[in-house]
Amino acid sequence: MSDPKEYKMIGQGNTAEVYQYGEGYILKLFRESMPMPAIELEYRITKIVQEHYEEVPKALELVEYKKRHGIVYEQIQGVNLIQLLSKNALKMKEYTKMFASIHVSLHQKEVDVHYSLKDKLKRDIDSCQDLNLREKEAIKQYIDRLPEKKQLCHFDFHPGNIMIADQKPYVIDWMTACTGDANADVARTMLLMQVGEMMHINRLKQFVLRRLTKKIGNDYFREYQRQTGILREEVEDWILPVAAARLSEWITDHERVRLVTLVRKKLAELEKKQ
């Protein structure tokens, strides 16, 4: 392993850049605005998950480079599922079924990562700048009434975080993992697929990607529902807090506007029921 400046950047997301870091390793180098406790949390959670779930790139060490922090991972030589889906439209049904099946398999594991889903949602909502105090309190009280479970939730489960190597899927990017109700994790995936946007890409690519992910999201839910028998209402119950918590993240202005509108619509519906 060595200095990332000797290697090219091979990818980036909203919170980090990814560098080749010697043969067989990559460095996930977080942006300067990312707080160290969040990076340490991802490292700790990944270490716990990899003990119970083989299809996870191993987290090896925390490193520092030019006042930025990162995590060294074993490298998975493959392509992500969104790349496969975009290049193989005729196999969309097959890949979408794989996507849902991986999520079902993950949710069958009761792995305590010592980070509660409900606590995570509440912390994220508290740090959100787009909602007022009354709205935040109403959402947090609503969270308390939702089911309490002990299932492993990835909480950023989308095709870009599924790597396929040697025809075997690996789930990457466990920064947001927590323990709770799997229906909340499904709600998060549905939200990402319906309104989520990627930063650092142009508007045309954004438009094409959004149309693709909406189709994948709908097919994913039908397959997940077929395999588990969950009701749409059980997932819909979690949309309000999941959408509100998403507002605390690095997202585009366009997605932020859509999420605020969605949250306030859900809050109005909630008030009518009370």
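The structure displayed is predicted, hence computed values, not measured ones.
Counting heavy atoms from C-beta on, the side chains of Glu223 and Arg226 come closer than 4.5 Å. In this structure, the side chains of Phe99 and Thr189 come closer than 4.5 Å at one or more pairs of heavy atoms. Taking the side chain as every heavy atom from C-beta outward, Phe157 and Ile102 approach each other to under 4.5 Å. Between Leu131 and Ile139, some side-chain heavy-atom pair lies under the 4.5 Å cut-off. Contact annotation: the side chain of Val18 never approaches that of Leu27 to less than 4.5 Å [non-hydrogen atoms, C-beta and beyond]. Contact check for Ile216 versus His158: no side-chain heavy atoms found under the 4.5 Å cut-off. Ile26 has its side chain out of reach of Pro57: every pair of non-hydrogen atoms, C-beta onward, lies at least 4.5 Å apart. Under the 4.5 Å side-chain criterion, counting only non-hydrogen atoms from C-beta, Phe30 is in contact with Ile71.
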- Trace of the salt bridge (charged side-chain N to carboxylate O under 4.0 Å, His left out) decision for Arg123 with Asp126: CA-CA 5 Å; Arg123 289 191 189 106; Asp126 277 335; over 6 Å; no
### Message
Assess the residue pair Tyr142 and Arg145 against the criterion (side-chain contact (heavy atoms from CB on, under 4.5 Å)); give the C-alpha distance rounded to whole Å, side-chain angles, the decisive distance to 0.1 Å, and a yes or no.
### Response
CA-CA 5 Å; Tyr142 174 72; Arg145 302 198 295 271; 3.5 Å; yes
Candidate pair Val111 and Glu51, rule side-chain contact (heavy atoms from CB on, under 4.5 Å), full reasoning: CA-CA 10 Å; Val111 179; Glu51 294 177 2; over 6 Å; no
Residues Gln75, Ile10; criterion side-chain contact (heavy atoms from CB on, under 4.5 Å); working and verdict | CA-CA 11 Å; Gln75 185 173 23; Ile10 58 176; 4.1 Å; yes
How far apart are the C-alpha atoms of Met9 and Leu29, what are their side-chain angles, what is the distance that settles it, and do they pass the side-chain contact (heavy atoms from CB on, under 4.5 Å) test? CA-CA 10 Å; Met9 187 173 68; Leu29 190 63; over 6 Å; no
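Using modelled atom types, one finds no donor on one side chain facing an acceptor on the other under 3.5 Å when comparing His69 with Tyr43. Between the side chains of Gln12 and Arg31, a donor-acceptor pair is found at a separation under 3.5 Å.
With a 6.0 Å radius and a threshold of 12 heavy atoms from other residues, nucleotides or ligands, Lys136 has its NZ atom above the threshold. Counting heavy atoms of neighbouring residues, nucleotides and ligands inside a 6.0 Å radius, atom CD of Glu32 does not exceed 12 of them. The environment of NZ in Lys97 is sparse: at most 12 heavy-atom neighbours from other residues, nucleotides or ligands sit within 6.0 Å.
Here the closest heavy-atom approach between residue Ala243 and residue Leu259 is recorded as CB-CD2, 4.1 Å. Shown here for Leu152 and Asp185, the closest heavy-atom pair between the two residues is O-OD2, 4.4 Å. Listed here is the closest heavy atom pair of Cys178 and Leu117: SG-CD1, 3.7 Å. When all heavy atoms of Pro241 and Leu121 are compared, the pair lying nearest together is O-CD2, 3.9 Å. Counting all heavy atoms, side chain and backbone alike, Ile48 lies closest to His114 at CD1-CD2, 3.9 Å. For Ala182 against Gln151, the heavy-atom pair with the smallest separation is N-OE1, 3.0 Å.
Not one N or O on the side chain of Glu271 forms a donor-acceptor pair closer than 3.5 Å with the backbone of Lys273. When atom types are taken as modelled, the side chain of Ser116 and the backbone of Gly180 share no donor-acceptor pair closer than 3.5 angstrom. Between the side chain of Thr46 and the backbone N or O of Glu42 there is at least one donor-acceptor pair closer than 3.5 Å. Thr213 places a side-chain N or O within 3.5 Å of a backbone atom of Met193 that can act as its donor or acceptor partner. Listed for the Glu61 side chain is no donor-acceptor partner under 3.5 Å among the backbone atoms of Ala59.
The ring-ring contact (aromatic ring centres under 6.0 Å, His included) analysis of residues 70-92, with sequence neighbours excluded, yields no pairs. Among pairs with a residue in residues 149-159, those fulfilling salt bridge (Lys or Arg N to Asp or Glu O under 4.0 Å) read Lys149-Asp181, Asp156-Arg188, at least two apart in sequence or across chains.
By the ring-ring contact (aromatic ring centres under 6.0 Å, His included) test, Trp174 pairs with His154, sequence neighbours left out. Residues passing the side chain to side chain contact (heavy atoms under 4.5 Å, CB included) test with Lys122, sequence neighbours excluded: Lys140, Ile143, Asp144. In this view, Glu110 satisfies the salt bridge (charged side-chain N to carboxylate O under 4.0 Å, His left out) rule with no residue, not counting sequence neighbours. Residues passing the side chain to side chain contact (heavy atoms under 4.5 Å, CB included) test with Glu234, sequence neighbours excluded: Asn183, Ile230, Leu231. Not counting sequence neighbours, the partners of Asn132 by the side chain to side chain contact (heavy atoms under 4.5 Å, CB included) test are Arg134, Glu135. For Glu269, the side chain to side chain contact (heavy atoms under 4.5 Å, CB included) partners at least two apart in sequence or on another chain are Lys265, Lys266. Take Asp237 and apply the salt bridge (charged side-chain N to carboxylate O under 4.0 Å, His left out) test, not counting sequence neighbours, and it matches no residue.
By the 4.5 Å side-chain criterion applied to Ile, Leu, Val, Met, Phe, Trp and Tyr, Ile76 is assigned to a cluster that also includes Met163, Tyr170, Ile172.
For the atom pair His103 NE2 and Gln227 CD, the distance stands at 12.0 Å (nearest 0.5 Å). Taking CG from Leu192 and CZ from Arg246, the interatomic distance works out to 5.0 Å, rounded to the nearest 0.5 Å. The CG atom of Asp130 sits 7.0 Å away from the CD1 atom of Ile251 when rounded to the nearest 0.5 Å. Atom-to-atom distance recorded for Glu255:CD and Leu262:CG is 10.5 Å, nearest 0.5 angstrom. To the nearest 0.5 Å, the span separating CD on Glu54 from NZ on Lys168 amounts to 5.5 Å. The CG atom of Leu62 sits 12.0 Å away from the CZ atom of Arg44 when rounded to the nearest 0.5 Å.
Linking ILVMFWY residues whenever their side-chain heavy atoms come closer than 4.5 Å, directly or via other members, leaves Leu267 and Val257 in distinct clusters. The hydrophobic cluster containing Phe221 also contains Ile162, counting ILVMFWY residues as joined when their side-chain heavy atoms lie under 4.5 angstrom apart, directly or transitively.
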Only distances under 3.5 Å count here; give the side-chain donor-acceptor pairs of residues 33-41 to other protein atoms, sequence neighbours excluded, each with its distance to 0.1 Å.
none

Which donor-acceptor pairs under 3.5 Å do side chains of residues 89-96 form with protein atoms, sequence neighbours excluded?
{"unit_1": "Thr96", "atom_1": "OG1", "unit_2": "Met92", "atom_2": "O", "d": "2.7"}

